Student: 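Handing you a structure now.
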Amino acid sequence: MGPISLLEDHREPLERLCRQYAVRRLRLFGSALTDRWDPLRSDIDFLAEFGPPEGMDAFERYMGFVLALRELLGHEVEVVDWHAAKNPFFRRSAERLTVELYAA
């Protein structure tokens, strides 16, 4: 099963996690959107735009979200906090190919 199918199968719990961890926007990017993605070796890359942490500090919010995604999907994930990504080359590259999964 590819990452898009996996995420579609988990859409409702994924949206709940986004609300729980104050994620305003979640996008999929990277090899998960290409034929280079290998289910045995590749992780699933996400761009997350967080709102203000509600009832938790920023570290708890970020790590809680990462760990919850791993548990939900049963797969390694990488989450890039979009607001912390300052490198303009990375930002342009990442934005070229994304799939929006959630927007509040």
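The shown structure was predicted, so the numbers you read here are calculated from the model rather than taken from an experiment.
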Student: May I ask you to decide if Val79's main-chain N or O and Tyr62's side chain share a donor-acceptor pair within less than 3.5 Å?
Tutor: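 Between the backbone of Val79 and the side chain of Tyr62 there is a qualifying donor-acceptor contact (under 3.5 Å).
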
Student: Can you check whether Leu101's main-chain N or O pairs, donor with acceptor, with Arg11's side chain at less than 3.5 Å?
Tutor: yes

Student: Once you measure the plane-to-plane angle for Phe29 and Phe90, does it fall in the parallel (<30°), tilted (30-60°) or perpendicular (>60°) bin?
Tutor: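 The arrangement is perpendicular - the two ring planes meet at more than 60°.
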
Student: So which heavy atom on Val77 is nearest to which on Val66, and how close?
Tutor: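 Scanning both residues completely, I find the closest heavy atoms to be CG2-O, 3.8 Å.
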
Student: Once the angle between the rings of Trp37 and His75 is folded into 0 to 90°, is it parallel (under 30°), tilted (30 to 60°) or perpendicular (over 60°)?
Tutor: tilted

Student: Can you tell me how far CG of Leu14 sits from CG of Leu73, rounded to the nearest 0.5 angstrom?
Tutor: 7.0 Å

Student: Where do Trp82 and Ala94 come nearest, in terms of heavy atoms and distance?
Tutor: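 That would be CZ3-CB, 4.3 Å.
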
Student: Determine whether more than 12 heavy atoms belonging to other residues, nucleotides or ligands lie under 6.0 Å from atom CZ of Arg70.
Tutor: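 Atom CZ in Arg70 is crowded, with more than 12 foreign heavy atoms closer than 6.0 Å.
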
Student: More than 12 heavy atoms of other residues, nucleotides or ligands under 6.0 Å from CD of Glu60: is that the case?
Tutor: yes

Student: Under 4.5 Å between side-chain heavy atoms, hopping through other hydrophobics if needed: is there a path connecting Leu97 to Ile4?
Tutor: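 Looking at the clustering, Ile4 is in the same group as Leu97.
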
Student: Can you measure from CE (Met56) to CE (Met63) and round to the nearest 0.5 angstrom?
Tutor: 13.5 Å

Student: Can you measure from CG (Asp9) to CG (Leu72) and round to the nearest 0.5 angstrom?
Tutor: 10.5 Å

Student: When hydrophobic residues are tied together by side-chain contacts of less than 4.5 Å, even through go-betweens, does Leu28 share a cluster with Leu47?
Tutor: no

Student: Grab the two heavy atoms, one from Pro52 and one from Ala22, that are nearest each other, plus how far apart they are.
Tutor: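 It is O-CB, 3.6 Å.
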
Student: Looking only at heavy atoms, what is the nearest atom pair of Ala32 and Pro3, with distance?
Tutor: O-CG, 3.3 Å

Student: Carefully, step by step, assess Tyr21 and Leu69 under the rule side-chain contact (heavy atoms from CB on, under 4.5 Å).
Tutor: CA-CA 11 Å; Tyr21 290 99; Leu69 274 178; over 6 Å; no

Student: Determine whether Phe46 and Val80 satisfy the following criterion, side-chain contact (heavy atoms from CB on, under 4.5 Å), listing intermediate values before the conclusion.
Tutor: CA-CA 6 Å; Phe46 296 94; Val80 174; over 6 Å; no

Student: Using 0.5 Å steps for rounding, measure from the OG1 atom of Thr98 to the CG atom of Leu33.
Tutor: 7.5 Å

Student: Could you name each residue pair satisfying salt bridge (charged side-chain N to carboxylate O under 4.0 Å, His left out) that touches residues 93-104, not counting sequence neighbours?
Tutor: Arg25-Glu100, Arg27-Glu95

Student: Would you compute the distance between atom CD of Glu76 and atom CD1 of Ile44 and round it to the nearest 0.5 angstrom?
Tutor: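 Interatomic distance, Glu76 CD to Ile44 CD1, rounded to 0.5 Å: 9.5 Å.
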
Student: Go through the structure and list residues passing side chain to side chain donor-acceptor pair (under 3.5 Å) with Asp38, not counting sequence neighbours.
Tutor: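 By the side chain to side chain donor-acceptor pair (under 3.5 Å) rule, Asp38 matches Arg41.
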
